Amino acid sequence: MSELFLYNTRTRRKERFEPIEAGRVRIYSCGPTVYAPQHLGNLRAYLFVDLLKRALLAEGLRVTHVINITDVGHLTDDADRGEDKMERAAERSGASAAAIAAKYTGQWLDDRKRLRCLEADVYCKATEHIPQQIELARRLEAKGYTYLLEDGLYFDTSKFPRYADFARLDLAGQAAGARIGDVAGKRQPPDFALWKFAAPGVQRQQEWDSPWGRGFPGWHIECSAMSVHYLGTHFDLHTGGVDHIPVHHTNEIAQSEAGFDLHPWVNVWMHNEHLKLGDEKVSKSKGHTLVLDDLVARGIDPLAYRYFFLQAHYRQQQSFSFDEMEAAATGYRRLLSAAVEARSAAGEPEPEERDALEYERGEFWAAVRDDLNAPRAMEVTWRVARGSLSGPAKRELLLDFERGLGLGLDNQQPQPADSPADPRIEALLEDRRAARARRDFAAADAIRDALRAEGIEIEDTKDGVRWRRVR
RNA sequence: GGCCCGGUGGGUGAAUGGCUUAGCCAGCGGACUGCAAAUCCGUUUAUGCCGGUUCGAUUCCGGCCCGGGCCUCCA
């Protein structure tokens, strides 16, 4: 029996995780909408899922992981109205919608690699599963869950009595304070489009024929259709950001459970909290689009962002600031230094330290099993890295922990690993070396100060002089 | 208007009905260094406010204040 406990949004409790099929887990993760680069807040969602997947693998489970890629535009503002994000991005850049999608999909996959996220088994694109989406909409229509308006086919949420349960919505209370206008003719405010018609006279780049007319799918239906297509009508885990709970996931559940007569459709729902930038959520709509390359441009290793992520629990909001990011980068660099030393240790752990070693191993995985408590796992990691165990014992543990952490403790070097080649700087360093050799420290320090003035720090190590740009 | 999550030291961020309330970063002290840097070792400071429950609350409950999120594309 698994000792892994996960917080299930559906039940609002930590529960012992039991796979539907013994030894095997099926996960669906809500992935990116690829009309723009993924910002650091988006990436937190994928780091969270990666941590989850590593925890499941560490339990010895076979994991089938599906992530969708939303490459069909949805809407920019009001509910089921407004401009289409993909189409607008295409217009602005002059590229086709398909080219925009391909570009940002590629960037996202590259970000995942740089963050050492394990590859998913399936990356499924909405545009490549239009028939599955139409099929599900037809099922819902045949069962009487839909109605047709001028601009699309809608899901009638009043026909699905459990609609408010998942997110514990107070529909009446929400209706009273509704902030915006809505599509004319909708029977209830939460009703949503399964299929949208292209606006009259507008030639969209992305549109398809359907039984109801030419148009494009509603946003929510792709996840219902594709997850069931790849994972079956009943699967273990579904992940996403907390913002998805009240609308997107609520609607997915309505479509899937109504369409397939299931309950529960998914056993465990897990949601990551948001990253805060200053006092606000990192948000595309507010223009806070910090991306991984913004960190790299500051000389921060992408994996330092993973370290940053692991310092807080996934279900808590996490504050991002460059000060904290730099602090994390420092911590990460030091942890890597310890790992480099440990993994070069020769020999085997001493028999008499076996108990201490196994104790730390147990502490680490107990933290991971307790709803992915990465901060506590990091605490154990540091205790081992800086503790008094032998080199071989540290090597054994850190390589074991690496399976859960994904920080590169097995093969990464602290940045900057080497001084890049630069003849001018090397000549100055040689002058300084000569000055120090003749104990002319004033001359040596003058060179060091001059380099520092242009943002270059010198380190005298026992293996020679290293330098790096600090800004 | 409704719903949700928080408020722990200088920053960040775990945990807990009593037991020394983690870890990281910063600061301070020390080692090392010609001096630094880097690294290592040691180390100071904390549970928003007011009530309640309890032998005992930072932890549970209620109220208040403050911050964030969702209800509209959003991880």
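Reckoned from all heavy atoms, side chains included, excluding hydrogens, waters and symmetry mates. All chains are named by letter (A, B, ...) in the order of the sequence lines, taking the proteins before the strands, and each is independently numbered beginning at 1. Here the structure is a predicted model, which means the values were calculated and not measured.
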- Contact class for A:E326 vs. all strands (heavy atom < 4.0 Å): base, sugar-phosphate, or nothing? nothing
- Message: Could you check, using the six-membered ring where one of them is a Trp, whether A:W195 and A:F216 have ring centers closer than 6.0 angstrom?
- Response: no
- Item | Gap in Å between the two C1' atoms, one belonging to B:G67 and one to B:C24, rounded | 24 Å
- Quick one: side chain to side chain donor-acceptor pair (under 3.5 Å) partners of A:R395, sequence neighbours excluded? none
- Task: Find the distance A:E273:CD to B:G68:C1' and express it as a whole number of Å.
- Result: 8 Å
- Message: Using the P atom as the point on both nucleotides, what is the distance between B:C71 and B:G9, in whole Å?
- Response: 31 Å
- Item | Most 5' of A:P246 and A:L169 on RNA chain B, judged by nearest nucleotide | A:L169
- Using the benzene-type ring in the case of Trp, are the ring centres of A:F308 and A:Y332 under 6.0 Å apart? no
- Could you check whether A:H244 gets within reach of a base, just the sugar-phosphate, or nothing at all, counting any heavy atom under 4.0 Å? sugar-phosphate
- Message: Whole angstroms only, please: what is the CE-P distance between A:M378 and B:G23?
- Response: 13 Å
- Task: Whole angstrom is fine here: how far is it from CZ in A:R112 over to C1' in B:A75?
- Result: 13 Å
Polar atoms only, N or O, under 3.5 Å: list the protein pairs with nucleotides 38-41 of chain B and their distances.
residue: B:U39; atom: OP1; partner: A:R334; partner atom: NE; Å: 3.1
residue: B:U39; atom: OP2; partner: A:R334; partner atom: NH2; Å: 3.2

- Message: Over all strands shown, is A:H271 touching base, sugar-phosphate only, or nothing at heavy-atom distances under 4.0 angstrom?
- Response: nothing
- Item | Polar pair under 3.5 Å, donor/acceptor by atom type, side chain A:R383, base B:A22 | no
- Query: Taking C-beta and beyond as the side chain, do A:L409 and A:L336 meet within less than 4.5 Å on heavy atoms?
  - Reply: yes
- Message: Let's test your reading of the pairing rules: Watson-Crick or G-U wobble, both distances under 3.5 Å, then write RNA chain B as a dot-bracket string with ( ), [ ], | and dots.
- Response: (((((((..(((.....[....))).(((((.......)))))....(((((..]....))))))))))))....
- Picking from B:G2, B:G68, B:G13, the nucleotide nearest the side-chain atoms of A:K276 would be B:G68
- Query: Could a donor-acceptor pair under 3.5 angstrom be found where the side chain of A:R436 meets the base of B:G34?
  - Reply: yes
- Task: Check whether any side-chain nitrogen or oxygen of A:N373 sits under 4.0 Å from OP1 or OP2 of B:A15, and answer yes or no.
- Result: yes
- Starting at atom CZ of A:F320, determine the distance to atom C1' of B:A75, rounded to an integer number of angstrom. 16 Å
- Task: Write down the distance separating the C1' atoms in B:U58 and B:G7, rounded off to the nearest Å.
- Result: 12 Å
- Item | Spacing of A:W265 atom CH2 and A:Q255 atom CD [to the nearest 0.5 Å] | 8.0 Å
- Item | Value in whole Å for how far the P atom of B:C71 lies from CG of A:D243 | 8 Å
- Message: For a quick check of understanding: with a heavy-atom distance under 4.0 Å over all strands, which category does A:F48 fall into, base, sugar-phosphate or nothing?
- Response: nothing
- Item | Nearest-angstrom distance, P atom, B:U44 to B:C61 | 33 Å
Please tabulate the protein-to-nucleotide N/O contacts below 3.5 Å involving nucleotides 9-11 of chain B, giving atom names and distances.
residue: B:G11; atom: O2'; partner: A:E324; partner atom: OE2; Å: 2.9
residue: B:G11; atom: N3; partner: A:E324; partner atom: OE2; Å: 3.4

- Query: Taking for each residue the nucleotide of RNA chain B bearing the nearest heavy atom, is the 5' side occupied by A:A444 or by A:R168?
  - Reply: A:R168
- Answer with yes or no after comparing the ring centroid distance for A:F322 and A:F320 against a 6.0 Å cut-off, counting only values under it. yes
- Message: Looking only at the aromatic ring of each residue, does the gap between the centers of A:W269 and A:F166 stay below 6.0 angstrom?
- Response: yes
- Query: Does the side chain of A:Q318 reach to within under 4.5 Å of the side chain of A:H274, using non-hydrogen atoms?
  - Reply: no
- Inter-nucleotide C1' distance (B:U43, B:G18), Å rounded: 27 Å
- Item | side chain to side chain donor-acceptor pair (under 3.5 Å) partner of A:D50, the single match among A:R306, A:R116, A:R112 | A:R306
- Item | Minimum-distance nucleotide to A:R432 side chain [options: B:A36, B:A22, B:A14] | B:A36
- Item | P atoms of B:C5 and B:G10, separation to the nearest Å | 28 Å
Sequence neighbours left out, cut at 3.5 Å: what donor-acceptor pairs do the side chains of residues 385-394 of chain A make with other protein atoms?
residue: A:S390; atom: OG; partner: A:E353; partner atom: OE1; Å: 3.4
residue: A:S390; atom: OG; partner: A:E353; partner atom: OE2; Å: 2.4
residue: A:S390; atom: OG; partner: A:A393; partner atom: N; Å: 3.3
residue: A:K394; atom: NZ; partner: A:A385; partner atom: O; Å: 3.1
residue: A:K394; atom: NZ; partner: A:G387; partner atom: O; Å: 3.0

- Separation between the C1' atoms of B:A15 and B:C41, rounded to whole Å: 26 Å
- Note on the structure: Among B:C24, B:A75, B:U12, the one nearest any side-chain atom of A:S319 is B:U12
- Item | Interatomic distance where OH belongs to A:Y314 and P belongs to B:G13 [whole Å] | 17 Å
- Query: If you look at every strand shown and take non-hydrogen atoms under 4.0 Å, does A:V247 touch a base, only sugar-phosphate, or nothing?
  - Reply: sugar-phosphate
- Ring centre gap for A:F48 and A:H313 strictly below 6.0 Å: no
- Taking the C1' atom of each, how far is B:U47 from B:G42, in whole Å? 26 Å
- Query: Mind checking what makes side chain to side chain donor-acceptor pair (under 3.5 Å) contact with A:Y46, not counting sequence neighbours?
  - Reply: none
- Task: Send over the distance from A:W269 CH2 to B:C70 P, rounded to a whole Å.
- Result: 19 Å
- Message: Just the rounded figure in Å: distance from P of B:G68 to CD of A:Q316.
- Response: 16 Å
- is_close_aromatic(A:H249, A:H220), centroid dist under 6.0 Å: no
- Let me see the working for A:R376 and A:D370 under salt bridge (Lys or Arg N to Asp or Glu O under 4.0 Å), right down to the final yes or no. CA-CA 10 Å; A:R376 256 175 56 208; A:D370 182 13; 3.2 Å; yes
- Counting heavy atoms from C-beta on, name the nucleotide in B:A75, B:G67, B:A14 closest to the side chain of A:P375. B:A14
